[in-house]
Amino acid sequence: MRRFNIAIDGPAGAGKSTIARLVANQLGFIYVDTGAMYRAVTWKVLQEGLLIEQIKEITEVAQGMDISLMPGANGQLVFVDGQDVTSDIRSSEVTNFVSYIASIGEVRKLLVEKQKQMAAEKGIVMDGRDIGTHVLPDAEMKIFLTASVTKRAERRFAELQVERPELTLAELEQDIARRDHIDENREISPLVRAEDAILLDSTSMTIAQVVEQILDLCRSRVLGGIS
Ligand code: DC
């Protein structure tokens, strides 16, 4: 099958990662979770004990670290300088800080460059916030995946019930709304739908339905009906 790139953008909790991974599996493409890269930088910055306002030092940390992404049995594995940080980057500490780190221009420049290189050979499904607008403006398929704040909070709530039973739905809703606000209002590459991205609202759709719809769009719009 012809290899092409798919950009999937949208707010936190819309199901991008799960959906992008399943679409990539179906097509035999490589899945790249760019949020994990911003989380990896945030994890390292916290390890170094830096404060959000230490932009110069944060940039140096981002420049000096090696981030690698590898496919694992249950999703993408993330390594920083050879250390597996896959679960560490999902901690609430990292989640609370990542939007700030992702708003630093120099950090974005570095990561966007890496992401462009990863997609150069095509056959990539990349998810994030600025993939269709900045990282892969020429992606053959662009999806903007969204869902209501309540629905997104409910999904996170179900996911985190075992791991973080103390979290309430209201707290998650607030956290999602706060992250949306930062991501949508930052100066550099804010979360916005690319003009040529197809809007999919997954509020009342199952994961399987969203995946099937994206595959159908790829068949009809990119592969011209050939599967
Ligand atoms: O998708 P996520 O929740 O793992 O993303 C973590 C943070 O990184 C989120 O605040 C938005 C930011 N991000 C970004 O600014 N650009 C991307 N391409 C991906 C994520």
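All ligand and atom numbering here is 1-based and tracks the order in the structure. All values below were derived from every heavy atom in this structure, side-chain atoms included, with hydrogens, water molecules and symmetry-related copies excluded. This structure is a prediction, so every number in the text was calculated from the model and none was measured.
- Using a cut-off of 4.0 Å between Lys/Arg side-chain N and Asp/Glu carboxylate O, Arg129 and Asp9 are scored as not salt-bridged.
- Ion pairing between a basic and an acidic side chain is recognised when a charged N comes within 4.0 Å of a carboxylate O; Asp130 and Arg108 show such pairing.
- Within a 6.0 Å sphere centred on NZ of Lys109, heavy atoms belonging to other residues, nucleotides or ligands number 12 at most.
- Near ligand 1, residues Thr34, Gly35, Tyr38, Arg39, Arg90, Val98, Ser99, Ala102, Arg108, Gly128, Arg129, Asp130, Ile131, Arg179, Asp183, Arg186 each place a heavy atom inside the 4.0 Å sphere around the ligand atoms.
- Note on Glu113 versus Lys116: no salt bridge recorded, every NZ/NE/NH1/NH2 to OD/OE distance being 4.0 Å or above.
- Note on Glu159 versus Arg155: no salt bridge recorded, every NZ/NE/NH1/NH2 to OD/OE distance being 4.0 Å or above.
- Between Arg152 and Asp180, at least one side-chain nitrogen of the basic residue sits less than 4.0 Å from a carboxylate oxygen of the acidic one, meeting the salt-bridge criterion.
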